[in-house]
Each structure stands twice: as C-alpha cells, then as structure tokens.
Undergrad: 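Sharing a structure below in structure tokens format, with a few things to ask.
Just so you know, these numbers use all the heavy atoms, side chains as well, and skip hydrogens, waters and symmetry mates.
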Amino acid sequence: MENILFVASESTPFIKTGGLADVIGSLPQALKEHEQLEVRVILPLYDEIPEEWKEQMEYLTSIDVPFGWRNQEATIYTLRYHQIEYYFVENDYYFTRKGVYGYYDDGERFVFFAHAVIQFLANGYFKPDILHAHDWQAAIAVVLANIQKPLSDMRTVFTIHNIKYQGMMPIDIFEDFFNLDREHIGGLEWNGMLNCLKGALFHADKITTVSPTYAEEIKYPYYSEGLHPVLWQREQDVIGILNGIDTKEYNPLSDPYLSVNYRSARSKKIINRLDLGEELNFPMDLDKPLYVMVTRLTEQKGLHLVEHILEEFLQEEVQFIILGTGEKEFEDYFASLAYRYPEKARALLTFNEGLARKLYASADFFLMPSKFEPCGLAQLIALQYRTAPIVRETGGLKDTVQSYNEITGEGNGFSFTNYNAHDLLHAMRYALDIYHDPDHWQQLCSNFNGNRFSWKDSAKLYGQLYEQLVPTLIHG
Ligand code: ADP
C-alpha cells in the first residue's frame, strides 16, 4: 500500500474558490516534507482550470463508472507538480461548465465524482492506505469506500472544512445515484434528506475539522447546522487540527505580485499601498490607516455587522477597501458605499489573486468579523504580511488571533466576542487608537515576528492520526 489519497473539489494552483483550495494545495507537501508521507490528490477536471495546466496533463486511463442504474465514462489525467502527483477526473457532461459550484445538479456532479474515484481505486491505479476526503463534495467517496471496499485494507478520514455546506438531495434519488442496497440509506439520511456530509460523518474511521475551537463549537446547535447529534455520536473520533498556510507561497519577502518585497519594514508596505492606489486610481491617504477585507461575500463572514457600522466608522479618518464576490445584497451595499465615499472606500467586486496579495501587503488592518469561521486562512495570510487582523472570537479566528493587551504588550490583532455590530465598531476604534499611539503600535508590529502558521505542527498531528489507523504507515 502507498500512503494517502486526498479527494477534494479544489486545489491551488489549479482551481480555487476559497480556503479549501489553499489547504489541498499545501498540506500534501507539508506531509511529504515533515512526515515522509506520499500523498496524492484527485480532483475534478473543470473547464475553468487554466490551459497552462491542462497542457501539462497526461492521459492515464478511461474508466467505466457505475452510477446508479447506468454507466458513465470518466477519463483520468495526471500531472506532477512540486513532487506531488495529481489525478484529474474528466467528464464533459458534469465538469465542462463555467465556474466550479452553483449548479442545480451539484449533488449529482459530486456523487459522480466520488463514484469515479472509487472505480479508479478498484481498477488498481493507486492503492492508498488511507483515503482522506474533504468537505461534502468528496464525502461520498468515504461512504462508498466503507461500503464497497474497493481496497480491502484502506481506511478513511474525513475533514469538515465548513459544516454549513452539506450536499443535500431528496431521498428518492437514491437508486438513481447509488448502486447500493436500500439498507444503506440510513447512513446517508438526515432529517428526511440524503445528506452527503452526514454520510461521511457516519462512515469515516476518523473525522477532523480545521481548528480545535470549531471542533468544540460544532457539537452545539448554533454552529452545527443541525448535525450536532451525529457529532456527539462520533465524539471519540473527532479532532480539530489547525490549518496552516504555505509560508513559502504567502511570503512578503518573495511574493511576485508585490511592487516591493519586504520582511518587516512598514515603509515598504507604504510603497505597495501607493502603487496599489495608483493602479486602482484610489486616493491613498497616508495619514489614514487602511482597513481591508478579502472575502467571499456571504453572511458567514460577518458582513451584516459590517453593513451596520461601516458608514459610521467612515466618519473617522480612515480608508477602507474590500475585495470579494458573492451575494448580490452585499455587492450592492459595498458598491453603493464606495460610490458615496469615493475618497474613503472602494469595492473591488472580483476574484483576483494579485489584488488580494497587494491588499494584504498594503493594509494596516484586516477585518474578519465572521459569524462562524472553521479555521480561516485570510487572517493568517494577513499576519504573514504584517497586517493586524480584527476578528470575532470564533473557530480558528479564536485559535490564531490574540487581542492586543495594552498592559502586557501581548497580542497580534484585535478581537471581540459577541456577534454584535457595535462590538465590532468598538474593536475597529480600539485598533485605531492603538495605531495612533506610537509605542503600542510599534509593540503590536513587533509581535508579528512571533507568528508561526506554517504546516509543520499540524502535519505532525495528521501524521499521528494516520498512524492510529495504520500503525505501520510512517515508520513501517
Ligand atoms: P473561506 O475558505 O471560507 O472562503 P478562508 O479565509 O479560509 O475562507 O480562505 C479564503 C481564501 O480565498 C484566502 O486565500 C483569500 O485570500 C482568498 N480569497 C477570498 N476572496 C477572494 C477574492 N475576491 N480574490 C482573491 N482571493 C480571494
């Protein structure tokens, strides 16, 4: 057997809609480097993946995928990148479309993906000791691995990156999508629906989520999106392991998107800010601190709180830029605010890696007042670029950001506890006060030196978890 297969719906550098892609794009390398594990990754081959990658892919095989009462074909391609082997599942009908998610038949698309993964393993192209699936889009691979046993000794791990998205479908599609006995409906069913995420929670040998605090939070109804009873049942097998980031990739010292690279000099952050202002035709005012957001525009990210207080906050001597795409309500709100405050606010309603990096580098403060946040990578990236996060104390935000304490001089950002707009406003104003106090500001900035968010420690925890399932894995 040969170690681990990651099953996921997105990964940098090929395709990204959020933090999941960052994790899948960096954890395999960390496991290789720190734990000497061989990790391969299997992804859908979306049309959206840039040509430069498609040109490098090599045809591996075509497989017949049993899918409910019919067979569908899938073609598997491979590509080696940074010493990691990637497999891509091609099927024109399901994946040759614009974008990644958001189709009425997403359930069918990703159940098909899981069937293709299992068939690929059954055909013997790769024999992992552990199948490690991520989020609902890959969840059915765990269900099928456990029931159909394409490889008799293979164990399964499932990681919840966000419990809000569960992949729910009407129960009467069971025969259409699954060639399983009806006795297996029970493992997949939740509240009268087929629920992919619940299926994986039921079947996986081990369950992880992406921060210790979130692992606790999702045992309770406010955070569990209805699944807390299942998590209590599996309590012994659930562990929270904090995400890391690829600190070589997110490194202000070498980031190719920046106009000036830097280690810690604020003067160089300022140059980046002025250049970004020119690029955006936005009047950057160096007397005013810059607050930014880089985010999906969705309720999870605390945008209702921001809506409540931002206009009031803009009466202060500050500037604000948001980069994000998502729900129309929020796009309209930020566009209208920027229209009314052209000197103070700008809304960049697009998904753009380069702009994201430039904002992380240019800003003084990074806002992330999430309603819930499984781990959050954006605040970690902000810290790498020496930008102070202002966060709500939830999930991974709580595990990674400590509010600045004027008495002890400790802390790497600002935080507030309750999901309350004026508590956010208060934190943003406190941050402004600290910014205007040279001693405290210098202290806060020097505290960034202590940030350690590489994958090293967490890779070790994953290694230990895998070893519990397959004792011979690491040293065998
Ligand atoms: P989530 O996975 O919930 O979206 P994370 O904080 O874990 O949140 O990860 C978000 C990732 O997506 C970060 O790498 C962030 O920089 C990136 N991102 C979010 N929105 C945009 C955007 N509009 N343009 C470029 N990158 C974005």
Side-chain angles (χ1 to χ4, degrees), residues 12-13 16 19 22 25-26 29-30 243-295 317-323 346 348 352-368 376-391 400-402 404 409-414 428 431-432 434-456:
T12 58
K16 167 168 168 176
D22 286 308
S26 54
Q29 291 207 24
N243 279 340
I245 51 174
D246 181 341
T247 46
K248 289 195 200 94
E249 177 66 31
Y250 292 114
N251 183 354
L253 204 52
S254 55
D255 189 328
Y257 290 107
L258 306 191
S259 47
V260 185
N261 289 112
Y262 61 95
R263 187 191 303 276
S264 60
R266 295 207 73 78
S267 55
K268 293 192 178 155
K269 274 178 80 81
I270 297 294
I271 298 175
N272 279 296
R273 186 183 310 180
L274 290 173
D275 286 350
L276 179 62
E278 214 155 276
E279 180 182 335
L280 299 175
N281 199 13
F282 179 72
M284 293 290 187
D285 181 342
L286 298 184
D287 292 330
K288 301 186 172 94
L290 177 63
Y291 291 64
V292 305
M293 298 185 81
V294 176
T295 184
E317 296 296 302
V318 294
Q319 292 187 307
F320 173 83
I321 301 181
I322 185 165
L323 170 66
R346 176 61 67 84
L348 308 167
N352 183 310
E353 186 67 40
L355 281 176
R357 304 290 185 97
K358 291 173 191 172
L359 282 169
Y360 286 118
S362 301
D364 298 299
F365 299 109
F366 189 85
L367 272 189
M368 208 164 162
L377 299 178
Q379 84 280 15
L380 305 183
I381 303 170
L383 284 165
Q384 280 289 107
Y385 288 73
R386 307 182 80 84
T387 295
I390 301 176
V391 306
T400 55
V401 177
Q402 290 80 42
Y404 183 71
E410 288 167 345
N412 59 0
F414 301 89
M428 290 164 76
L432 186 59
I434 294 296
Y435 175 86
H436 285 303
D437 181 318
D439 290 343
H440 283 307
W441 182 242
Q442 204 178 8
Q443 177 65 46
L444 173 67
C445 292
S446 69
N447 292 351
F448 295 141
N449 297 333
N451 292 320
R452 296 277 175 274
F453 296 117
S454 83
W455 273 109
K456 193 167 177 223

Undergrad: Minimum heavy-atom separation for Asp285 to Gln319, with atom names?
TA: N-OE1, 2.9 Å
Undergrad: Where is the tightest heavy-atom contact between Ile390 and Ala431, given as atom of each residue plus distance?
TA: CD1-CB, 3.8 Å
Undergrad: Would you name the heavy atoms of Ala388 and Leu444 that are closest together and state the gap between them?
TA: CB-CD2, 4.1 Å
Undergrad: Start with the C-alpha distance between Leu290 and Phe320, add both sets of side-chain angles, then the distance that settles side-chain contact (heavy atoms from CB on, under 4.5 Å), and finish with yes or no.
TA: CA-CA 6 Å; Leu290 177 63; Phe320 173 83; 5.9 Å; no
Undergrad: More than 12 heavy atoms of other residues, nucleotides or ligands under 6.0 Å from CD of Gln442: yes or no?
TA: no
Undergrad: Is the closest side-chain donor-acceptor distance between Asn447 and Gln443 under 3.5 Å?
TA: yes
Undergrad: Under the side-chain contact (heavy atoms from CB on, under 4.5 Å) rule, what do Phe366 and Val294 come out as? Steps first, then yes or no, please.
TA: CA-CA 8 Å; Phe366 189 85; Val294 176; 3.8 Å; yes
Undergrad: With the side chain counted from C-beta on, respond yes when Phe414 and Met428 share a heavy-atom pair under 4.5 Å apart, and no when they do not.
TA: no
Undergrad: For a 4.5 angstrom cut-off between non-hydrogen side-chain atoms, does Leu280 reach Leu355?
TA: yes
Undergrad: Within the 4.5 Å heavy-atom criterion, are Leu359 and Leu348 side-chain neighbours or not?
TA: yes
Undergrad: Identify the two heavy atoms, one from Pro289 and one from Leu432, that lie closest to each other, and give their separation to 0.1 Å.
TA: CG-CD1, 3.4 Å
Undergrad: Taking C-beta and beyond as the side chain, do Lys16 and Asp22 meet within less than 4.5 Å on heavy atoms?
TA: yes
Undergrad: Do Asp364 and Arg273 make a side-chain contact, defined as non-hydrogen atoms from C-beta onward lying under 4.5 Å apart?
TA: yes
Undergrad: Is Tyr250 close to Asp255 at the side-chain level, that is, under 4.5 Å between some pair of heavy atoms?
TA: no
Undergrad: Hey, could you give me the CG/OH distance between Leu253 and Tyr385, rounded to the nearest 0.5 Å?
TA: 10.5 Å
Undergrad: Which value, rounded to the nearest 0.5 Å, describes the distance between Asn272 atom CG and Leu258 atom CG?
TA: 5.0 Å
Undergrad: Say you draw a straight line from OH of Tyr435 to CD of Glu317; how long is it, rounded to the nearest 0.5 Å?
TA: 11.5 Å
Undergrad: Testing the 3.5 Å rule here: is there a donor-acceptor pair between the side chains of Asn449 and Arg386?
TA: yes
Undergrad: Are Met284 and Ile321 packed together at the side-chain level, in the sense that at least one heavy-atom pair is separated by less than 4.5 angstrom?
TA: yes
Undergrad: Would you find a donor on one side and an acceptor on the other, under 3.5 Å apart, between the side chain of Asn451 and the backbone of Phe448?
TA: yes
Undergrad: What distance do Ser259 atom OG and Leu274 atom CG have between them, rounded to the nearest 0.5 Å?
TA: 9.0 Å
Undergrad: What I'd like to find out is whether the side chain of Glu249 reaches to under 4.5 Å of the side chain of Arg357, using heavy atoms alone.
TA: yes
Undergrad: Kindly give the heavy-atom pair with the smallest separation between Thr247 and Asn251, and that separation in Å.
TA: O-CB, 3.3 Å
Undergrad: If you look only at pairs with a residue in residues 254-293, which of them pass as a ring pair (Phe, Tyr, Trp, His ring centres under 6.0 Å), with sequence neighbours excluded?
TA: Tyr291-Phe313, Tyr291-Phe365
Undergrad: When you look at Ile322 and Thr295, which way does the side-chain contact (heavy atoms from CB on, under 4.5 Å) test go after all the steps?
TA: CA-CA 8 Å; Ile322 185 165; Thr295 184; 4.2 Å; yes
Undergrad: Could you pull out the closest heavy-atom pair between Lys269 and Thr387, with the gap in Å?
TA: NZ-OG1, 2.7 Å
Undergrad: Supply the atom-to-atom distance Ile434 CD1 to Tyr404 OH, rounded to the nearest 0.5 angstrom.
TA: 5.5 Å
Undergrad: Please indicate whether Glu353 has more than 12 foreign heavy atoms, meaning atoms of other residues, nucleotides or ligands, lying under 6.0 Å from its CD.
TA: yes
Undergrad: Rounded to the nearest 0.5 Å, how far apart are CG of Asn352 and NZ of Lys358?
TA: 7.5 Å
Undergrad: More than 12 heavy atoms of other residues, nucleotides or ligands under 6.0 Å from NZ of Lys288: is that the case?
TA: yes
Undergrad: Donor-acceptor pair, distance only, cut-off 3.5 Å: does the side chain of Asn412 make one with the backbone of Pro389?
TA: no
